[in-house]
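Heads up: the structure comes next, in structure tokens.
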Amino acid sequence: APAHAPDAAALERALRAATAAGAPGAMARFTGPGGRVLARTTGVRDRGSGAAMDLAARFRIGSVTKTFSSVVLLQLVDEERLRLDDPVGRHLPGLLPDDRITVRHLLAHRSGLADYTEAMFARTVPGFEAVRNKVFDPRELVRLSLREPRTNEPGAAYAYSNTNFVVVGMLIEKASGRSVGEEYRRRIIGPLRLRDTAYVHPATAIRGRHVRGYLHPDEPGTPVDSTEQTASWAQAAGAMVSAPADLNTFVSALLGGRLLPAPLLEAMLAATPTDATGTRSYGLGLRRYDLSCGVPVYGHTGTVQGYYTYAFATRDGRRSLAAMANTSNRGQANTALGGTLEAAFCGAKAA
Ligand SMILES: C[C@@H](NC(=O)[C@@H](C)NC(=O)CCCC[C@H](NC(=O)C[NH3+])C(=O)[O-])C(=O)O
């Protein structure tokens, strides 16, 4: 079927809906065949200075980091440094209470390990203030998770948990003998020349031109400027910084087969439904959304204090979308921003 052309007006409407719902600003960048680029910005990247939202500005991508981590770990699987169905305990003995938990369970959020962020951020602003300058050893985060009951038997169900990707980061360092930051640089950031992308931990500042993020409190009130934080509570589950064009490049390269051999990419994309609608699925560190026009798109969403992100591409990688809004703890703004996917990939019905 002819690809649906992106709908610029619908893209703009989605961005304005995100700002109407409380984001100071938002932006989206679509890339299509033949080097086509459709990009829009709205509002401000800095409420203090009034500086306009800017496609060249960097921001925290939250859980889109999980897809970078999954690619690195799957490259290590390809190099036979570990296997998807190895028990995690074979590589990190004694870390987890159950040797039935495998590497694949972590990447698919099927390990049953509880998500420590539920308790950590039960009260949004106080929880954030308590950790924004903290540096955690990943083992501390795993210990926090193990204080909570596990959600399911290993492999038995999907239950999203940041703990899984904190352990993925530890596996990457154990299997490669390098830091996760180095592995992201060597295997993805360098080869793809992602000049605005970095693993920023535990430094709190975002270097270069960047978007300031604004975290809404649970009760009505002024959003908190949450731009500077160690992101140490997230690490390989959410501590990367990037910019729209780099996210376009990354998801397009991944789906276009430039980062993983075909069998491992297929394993990554083998998604199982995560909700009753069946239009939202999860593979290995990757979400699949089945859009209203019948187009499946693959990528990840991100939520970190002050920033919402979407980074998705079509199965062939030839069309990709990166979108962000500089607010969080504001579900309506996140849903509105998600409207950029339909605008970009379903858009104006094929002429
Ligand atoms: C869901 C999302 N996950 C991520 O991006 C990871 C890194 N973020 C979280 O788990 C949310 C942490 C709290 C955010 C805070 N919320 C609260 O504190 C709520 N009490 C906020 O909204 O900024 C994803 O995979 O798309």
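Source: prediction; values computed, not measured. Both counts, for ligands and for their atoms, begin at 1 and track the order of listing. Count residues from 1 along the sequence.
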### Message
Once ring pair (Phe, Tyr, Trp, His ring centres under 6.0 Å) is applied, what residue pairs with a partner in residues 61-82 remain, sequence neighbours excluded?
### Response
Phe68-Phe250
### Summary
Residues at least two apart in sequence or cross-chain that pass side chain to side chain contact (heavy atoms under 4.5 Å, CB included) with Arg315, listed by chain then number, are Leu255, Leu265, Glu266, Leu269, Tyr298
### Between Phe121 and Phe128, ring centroids under 6.0 Å
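Aromatic pair excluded; centres sit 6.0 Å or further apart.
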### Between His109 and Tyr282, ring centroids under 6.0 Å
yes
For residues 31-43, which side-chain donor-acceptor pairs fall under 3.5 Å, sequence neighbours excluded?
residue, atom, partner, partner atom, Å
Thr31, OG1, Ser320, OG, 2.7
Arg40, NE, Glu12, OE2, 2.6

Is there any protein N/O under 3.5 Å from an N/O of ligand 1, and what does the full list of such pairs look like?
residue, atom, partner, partner atom, Å
ligand 1, 3 (N), Ser63, OG, 2.8
ligand 1, 3 (N), Tyr160, OH, 3.0
ligand 1, 5 (O), Ser63, N, 3.0
ligand 1, 5 (O), Ser63, OG, 2.5
ligand 1, 5 (O), Thr303, N, 2.7
ligand 1, 5 (O), Thr303, O, 3.1
ligand 1, 8 (N), Thr303, O, 2.7
ligand 1, 10 (O), Asn162, ND2, 2.8
ligand 1, 18 (O), Thr124, OG1, 3.4
ligand 1, 20 (N), Phe121, O, 2.7
ligand 1, 20 (N), Thr124, OG1, 2.8
ligand 1, 22 (O), Asn329, N, 2.8
ligand 1, 23 (O), Ser328, OG, 2.6
ligand 1, 25 (O), Ser63, OG, 3.3
ligand 1, 25 (O), Tyr160, OH, 2.7
ligand 1, 25 (O), Arg287, NH2, 3.0
ligand 1, 26 (O), Thr301, O, 3.2
ligand 1, 26 (O), Thr301, OG1, 2.5

### Query
Roughly how far, to the nearest 0.5 Å, is OG1 of Thr163 from CG of Leu106?
10.0 Å
